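Given the structure is predicted, the values throughout are model-derived calculations rather than measurements. Numbering starts at 1 and runs along the sequence shown. When reading the values below, keep in mind they use all heavy atoms of this one structure, side chains included, and skip hydrogens, waters and symmetry mates. Both ligands and their constituent atoms are indexed starting at 1 by order of listing.
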Amino acid sequence: MAVKVAVNGYGTIGKRVADAISLQKDMEVVGVTKTKPDFDAKMAIKKGYRLYAAIPDRVKVFESAGLEVEGTIEDLLKEVDIVVDCSPNKIGAENKKLYEKLGVKAIFQGGEKKDVAEVSFNAIANYEEAVGKQFVRVVSCNTTGLTRLIYTIKKNFPIKKVRATMIRRVVDPKEDKKGLVNGIQPNPIKLPSHHGPDVQSILPDVNIITAAFKVPTTIMHVHSVAIEMEKDISEEDIKSAFAEEPRIMLFNSEDGFTSTAKIIEFARDLRLRYDLYENAVWEDSIGVVDGEVYVTQAINQESIVIPENIDAIRAMLELMDKEESIKETNRTLKIGV
Ligand code: NAD
């Protein structure tokens, strides 16, 4: 029988998580929540999701807009085995009180501090640590991208240290209240950025320092990564390690992939909402100089964490082991095909 899942916060991440769950045989979306009766709420109903009010006293706001809700988040939580909290940054920690009260397992997203959960999660790097857990945090888009890349190298070749610079999209494409129109913002100005410690919440033995800058673009982040290796390694070693990992996709400038704009144009033809669940690594960026590996990758922030949320559900509810779950998630989301 399929396990029952709630999605609390049907926004950028929540709608994608709900659609990905709908593609799995071993889990089902019982309901999704919204705080207001906007176009997203109407679309959720149109797609067949049962809609609940994320904030109980908003039920009347939905009703006066003519939108029928099935109840409140509390009603929804009573029907499910697990909730995927996709509420805005820091709200997940507030929502946790309700999950604890009702004894529901919960997955949080990367906008929460790591202490919100017992485990910070990345499927290929530490699936086993989430098995049977009550609270798990799927790390942010940047941390997911970095962790996948570093783990894929590290599992075959020992690493001495990592230095990474992240050029971050300033906001998601749907935003109209904030942004950066004409500037490059060091974020933070004083180094290092929080991304290094966040990677260490999954890979504690990795020596990593990160810097980050926001730029006026909405579609992807770009990471420039330098990895000092313990032993000699060749470009071919790195390329074949990446080629064997389905959650990393290799792109080549010879094929016309000269920027994130071209990668997203490719993804538009490939997937619903141009969701690119994979790290987009430029194959021809891979270089080795004096025992140091250089590589550049792009990350579609809206979709990279979606497969991780599906695997986290399976780990926490002990539905499948690591290999089986990742294989099934990859198959259903058409990752690596
Ligand atoms: P979003 O603003 O697009 O969606 C959040 C949703 O939560 C909205 O539908 C909002 O109505 C709803 N909401 C508001 N208050 C709520 C409450 N009290 N309880 C439940 N729901 C509530 O945000 P998002 O971009 O989807 O981000 C969600 C989480 O995912 C954050 O932790 C964020 O850091 C993380 N994340 C975002 C991205 C990204 O690029 N968008 C990538 C990775 C991780």
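Applying the salt bridge (charged side-chain N to carboxylate O under 4.0 Å, His left out) test between Glu278 and each of Lys334, Arg148, Arg271 identifies Arg271 as the sole match.
For Glu245, the salt bridge (Lys or Arg N to Asp or Glu O under 4.0 Å) criterion is met by no residue, not counting sequence neighbours.
Ion pair Lys262/Asp255 not flagged as a salt bridge, since none of the NZ, NE, NH1 or NH2 atoms sits closer than 4.0 Å to an Asp/Glu carboxylate oxygen.
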Could you walk me through whether Asn8 and Thr33 pass the side-chain hydrogen bond (donor to acceptor under 3.5 Å, both in side chains) test, one step at a time?
CA-CA 5 Å; Asn8 194 15; Thr33 74; 2.6 Å; yes
So Phe135 and Tyr99, ring pair (Phe, Tyr, Trp, His ring centres under 6.0 Å) or not? Walk me through it.
CA-CA 9 Å; Phe135 297 121; Tyr99 308 149; 7.2 Å; no
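At a heavy-atom cutoff of 4.0 Å, ligand 1 is surrounded by Asn8, Gly9, Tyr10, Gly11, Thr12, Ile13, Lys34, Thr35, Ala54, Cys86, Ser87, Pro88, Asn89, Ile91, Asn95, Gln109, Gly111, Cys141, Arg169, Asp172, Lys174, Gln301.
Taken to the nearest 0.5 Å, the CD atom of Glu128 stands 8.0 Å off from the CG atom of Asn126.
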